Structures are given as C-alpha cells and as structure tokens.
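Reviewing the structure listed below.
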Amino acid sequence: MKKTFVKWLTVGLAAVCAFGAFTGCTKREDKLVIRNWGEYMDPEIYQGFESWYKEKTGKTVKVDYKEFDTNESMYTDLTVGNADYDLVCPSDYMAERMIKNGQAQKIDTEIFNVKADGLFYDGLMDMATTVDKNNEYFVPYVWGTMGIMYNAETVSASDAQDMHSWDALWSEKYSGKILMKDSVRDSYSIAQIKNQKSELTGAADYQTYGPAYQAILSSIFETCTDATIAAAKATLLRQKPLLEKYEVDDGKESMLSGTANAQLGLFWSCDAGYIMQEEGGDKFMYIVPDEGSNVWVDGWIIPTGAKNATAANWFLQYISQADVAKQNMDWMGTSVAIKAAMDAAKEEFEEETFEGAVEGFKEMYIEMVFPTQEVLARCKIMRDFGEEMSVKLDEMWTEVRAE
C-alpha cells in the first residue's frame, strides 16, 4: 500500500523525460502520442506497451507520453493549437463536447470490444452513456467522486463533523488552511451546490435523495446561465481570502509534506487515494458532503485527427487487461474502470489491516474507492455547457483568480 513520494515522483519524471528523448527521431506513423493527466498512469504501463504491441502485431511503436493539468488546456491545445495527439483522457463533460463537435472517432471494435460483457465495473457504462449515448467513442479509464479531504491529526474529531458540508471550505474557522481547485468546472460546481444548499436540503425527499432532490442536483451539473455564473463568482470571491492557495496537483504534496498550512481542501478521490498510499498518508480522511457532489468518469478519446489510431486502439485493449489495470490501480490508489481489477483490489483492501492509520481509515478508504449506492445517489456527472457558456465560465474564473 505504501510508496515513497519523492522516489516515485523522480522515477515518473525520469521515465517521461526518457520517453520524450526516444521518440524524437521516430517516424510519425511509428509513434503513439498520448496525453493524460498528471500522475495518472504507472510509467511501467506505457513503457510495457511497446513490447506488447510488437508481440501482438509484429510492428514497432514508440510511445510519446506527456501530461496536461486541466481539461480546458488540453482542449485548447487540440483545437486552437492543432496539437498532434493520438489518444487523450478528458473528463466526462469534455468528452461529451468532443463527441458532439465531431472531434472524436469511433473505437475500432475489431481491435477493442468496448461493449464486452463484464469488462467494466458495475454501473460504469451507464454513467458513460450519459456523455456517449451508444458507447462508441469514449472508453472509461478512471472514475470517482469529489469531496473534502482533511488531516485527521490536525482537525479535531468534533471539527471533523464540519467536513460533511461544503460550508467547511467557506468557514472562517479554517481561514488560511483551505485548498481550492484551480479548475473552473469543479470550483463553479461546488460554489453552485453551496448557493443552492437550502433548496437541496429542503427537498421533501432529501433524506432519501429522491427524485425532487435529484432534479435540483442535476440542474447544477447540466445547466449554466449568466445568473448562475454571477452567483458562483460572488461565492468564490467570498471564499478567496480564506484560502491557503488554489492548486491542481501540488496540493497533494503540500498536505503530505506539511510544507503548507493547508489542513483541508477540495479533492478528487483519485488524488486523495494517491496521497493515502504514501508514507504518512493514512492520517487523511475523505468525505463526500451530504448536500451532494460530482461523480466523474475520465476516459479515452481518439481525436479525429489522430495519425496512429490503430496503435491507439491497441493501447485501449492493452490497458483494459485485468493484470495491467490492477497494476495501474495499485500505483494510482484510485478506482479504475475494469471490473476484474476492482474486484481483486477490494479483496485485498478488506484483508488489509492499515496498521497505524487514524481511526476509521480502513472503512473510509474502502468506501472512497468503492462508493456505496447511498454515496452515488447524491452525486451527478458534469455535462457540457456548450462553447458559449464555457467561454463565459472561463472569463469568470479568470476574473476570480485576478481579483
């Protein structure tokens, strides 16, 4: 369960640099260009693909693997910068936009059967159908929830109850100790949940997360107007003086190393799981607040302009193998799409003692990686707001960050 943060970070960076060097003189048709989130794949996985591909096809390929930090930066590189990518890993709402705009090509089912029975974790393909109606373009890779992670050694047991509400991220009690995502859709969504807390918790069926509650929560993730943007901006500006900082990836290291004042923050479950696998990471806890949250699915898209779609499809088959997916899951510490890997991991987690962890860590960790139906009932997938409203959202976020 444990890895040393500095060691793995160094190995990962070295691997990425090495691969960049090796692909420089490779003919484009023999190169597979992959763009993924930071710390989102064990380097041994994409390194191992080259020999696996040679064995399967008799052809040679070199992997050019690099990382991006936000959906928006990846999308801008692809659409405005005409970036040369064969395989990208957008989040659900961005995948929906790419499919809708004709920027994704269908998976080659002769190479990879994305609809194979029992391949994906229970209910995951239903989530994916939200953004890819017929499951033709989008291949689920990693998924999870969004919640509050906090340091259980510095946040008292009584104060830990605050973490059951998003209000904790706006509380004067934690001024200077809060991390917030430097991500427009995530920050906007949580601000909107806070803004509509009274409507959500006041729904007649709130205790059971019934249809009336579901309709309100869905509207937050599915619709966007000038009024909701203005309301979110005001809420985010009220929060800003309370923050230790905005972050995307470096907040993990800050909390783990203790080099920042941060004690709690908005985290994706994948990042929380990554931290919790590190030495000293078992002092952190993660909660999906009661008002509601986001269940997200990050997955693979082959852009329409991909120059090596064949190798991209083979890569999808490769990383969907149970042993490869399990290795990747062990490295990342988060939920993956492949059912066999998830089932094997759950057995291991249930047998794990988590010796030395804070009280309740094991139960929390298992629920984080394998969300219960009760947790998923208060979570919704983000939808694409369309180009016009997305531009307005980006402008709002730029203003929030600048003020």
Side-chain angles (χ1 to χ4, degrees), residues 28 31-38 40-41 45-46 49 61 63-116 119-121 124-144 183 185 268 270 294-320 324-325 328 332 335-338 381-387 390:
R28 183 59 183 89
K31 186 189 297 185
L32 175 63
V33 182
I34 301 174
R35 295 295 177 264
N36 197 5
W37 294 89
Y40 231 37
M41 185 176 292
I45 299 295
Y46 57 81
F49 174 70
V61 71
V63 176
D64 180 346
Y65 182 96
K66 291 187 176 66
E67 299 171 347
F68 60 84
D69 57 359
T70 68
N71 282 290
E72 287 69 27
S73 66
M74 179 278 295
Y75 185 74
T76 299
D77 286 346
L78 192 63
T79 56
V80 178
N82 295 314
D84 179 15
Y85 301 157
D86 294 316
L87 200 59
V88 294
C89 187
S91 297
D92 33 42
Y93 73 92
M94 190 58 74
E96 181 181 16
R97 183 185 304 178
M98 293 178 70
I99 295 168
K100 188 164 50 180
N101 291 349
Q103 296 164 320
Q105 59 178 280
K106 290 183 179 181
I107 305 304
D108 186 345
T109 55
E110 294 296 317
I111 297 175
F112 175 64
N113 183 7
V114 69
K115 299 180 182 180
L119 178 62
F120 294 104
Y121 192 66
L124 194 59
M125 287 305 277
D126 290 335
M127 296 183 202
T129 300
T130 303
V131 298
D132 180 11
K133 183 177 180 181
N134 296 314
N135 300 127
E136 296 176 308
Y137 301 90
F138 181 62
V139 178
Y141 173 57
V142 174
W143 67 286
S183 169
R185 278 301 301 264
W268 301 299
C270 58
N294 166 232
V295 57
W296 48 268
V297 183
D298 292 345
W300 299 105
I301 289 282
I302 302 176
T304 50
K307 295 182 174 64
N308 199 345
T310 298
N313 278 282
W314 279 104
F315 190 82
L316 294 176
Q317 183 191 131
Y318 168 71
I319 61 172
S320 297
V324 175
N328 213 19
M332 290 188 293
S335 312
V336 296
I338 304 304
I381 283 181
M382 289 184 187
R383 304 298 302 274
D384 176 37
F385 290 156
E387 297 282 358
S390 295

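All residue numbers refer to positions in the sequence shown, counting from 1. Computed from a predicted model, the values in this text were never measured in an experiment.
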Does some side-chain heavy atom of [Y] sit less than 4.5 Å from a side-chain heavy atom of [X]?
X	Y	value
Leu316	Ile302	yes
Val114	Phe120	yes
Pro90	Met74	yes
Ile319	Asn328	no
Met125	Asn135	yes
Leu87	Val33	no
Trp296	Cys270	yes

Do side-chain atoms of [X] reach the backbone of [Y] as a donor and acceptor pair under 3.5 angstrom?
X	Y	answer
Asp132	Phe138	yes
Lys115	Asn134	yes
Arg185	Asn71	no
Asn101	Gln103	no
Asp86	Ile34	no
Asn313	Asp108	yes

Shortest non-hydrogen contact from [X] to [Y]?
X	Y	value
Met98	Val88	CE-CG2, 4.1 Å
Tyr75	Glu387	OH-OE2, 2.8 Å
Val131	Asp92	CG1-O, 3.4 Å
Ala104	Ile301	CB-CG2, 3.6 Å
Tyr141	Cys89	CD2-SG, 3.7 Å
Thr304	Gln105	O-NE2, 3.7 Å

Checking ring-ring contact (aromatic ring centres under 6.0 Å, His included) against Tyr46, which of Tyr65, Tyr40, Tyr318 comes through?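 Exactly one option meets the ring-ring contact (aromatic ring centres under 6.0 Å, His included) with Tyr46, and it is Tyr65.
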Would you please indicate yes or no on a ring centroid separation below 6.0 angstrom for Tyr121 and Trp143?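 Close enough - the centres of the two rings lie under 6.0 Å apart.
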Count the heavy atoms of every other residue, nucleotide or ligand shown that sit under 6.0 Å from NZ of Lys106, and state whether that count exceeds 12.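 Count not over threshold, so no.
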State whether the number of non-hydrogen atoms from other residues, nucleotides or ligands found under 6.0 Å of Lys133 atom NZ is greater than 12.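 No, not enclosed.
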Could I get the full list of ring pair (Phe, Tyr, Trp, His ring centres under 6.0 Å) partners for Phe68, not counting sequence neighbours?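 Once residues adjacent in sequence are excluded, the partners of Phe68 under the ring pair (Phe, Tyr, Trp, His ring centres under 6.0 Å) criterion are Trp37.
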In Å, rounded to the nearest 0.5 Å, how long is the span from OH of Tyr137 to CD of Glu96?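 Reported to 0.5 Å precision, the distance equals 13.5 Å.
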Trace of the side chain to side chain contact (heavy atoms under 4.5 Å, CB included) decision for Tyr85 with Leu78: CA-CA 8 Å; Tyr85 301 157; Leu78 192 63; 3.6 Å; yes
Between Ser73 and Thr70, is there a side-chain donor-acceptor contact under 3.5 Å, judged purely by atom types and distance?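 Yes, side-chain donor-acceptor contact under 3.5 Å.
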Between Gln317 and Asn113, does any side-chain donor sit less than 3.5 Å from a side-chain acceptor?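 No pair is found: no donor N or O on one side chain lies under 3.5 Å from an acceptor on the other.
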Salt bridge or not for Asp84 and Lys307, using N-O below 4.0 Å?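 So Asp84 pairs with Lys307 through a salt bridge.
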Hey, is Asp64 close enough to Arg35 for a salt bridge, meaning N to O under 4.0 Å?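 Yes.
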By side chain to side chain contact (heavy atoms under 4.5 Å, CB included) - contacts of Ser390 (at least two apart):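 Per chain and number, Ser390 pairs via side chain to side chain contact (heavy atoms under 4.5 Å, CB included) with Arg97, Asp384, Phe385.
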Evaluate side chain to side chain contact (heavy atoms under 4.5 Å, CB included) for Trp314 paired with Val61, printing each intermediate quantity in order. CA-CA 11 Å; Trp314 279 104; Val61 71; over 6 Å; no
Please test Met41 against Met332 for side chain to side chain contact (heavy atoms under 4.5 Å, CB included), starting from the C-alpha separation and ending with a verdict. CA-CA 7 Å; Met41 185 176 292; Met332 290 188 293; 5.6 Å; no
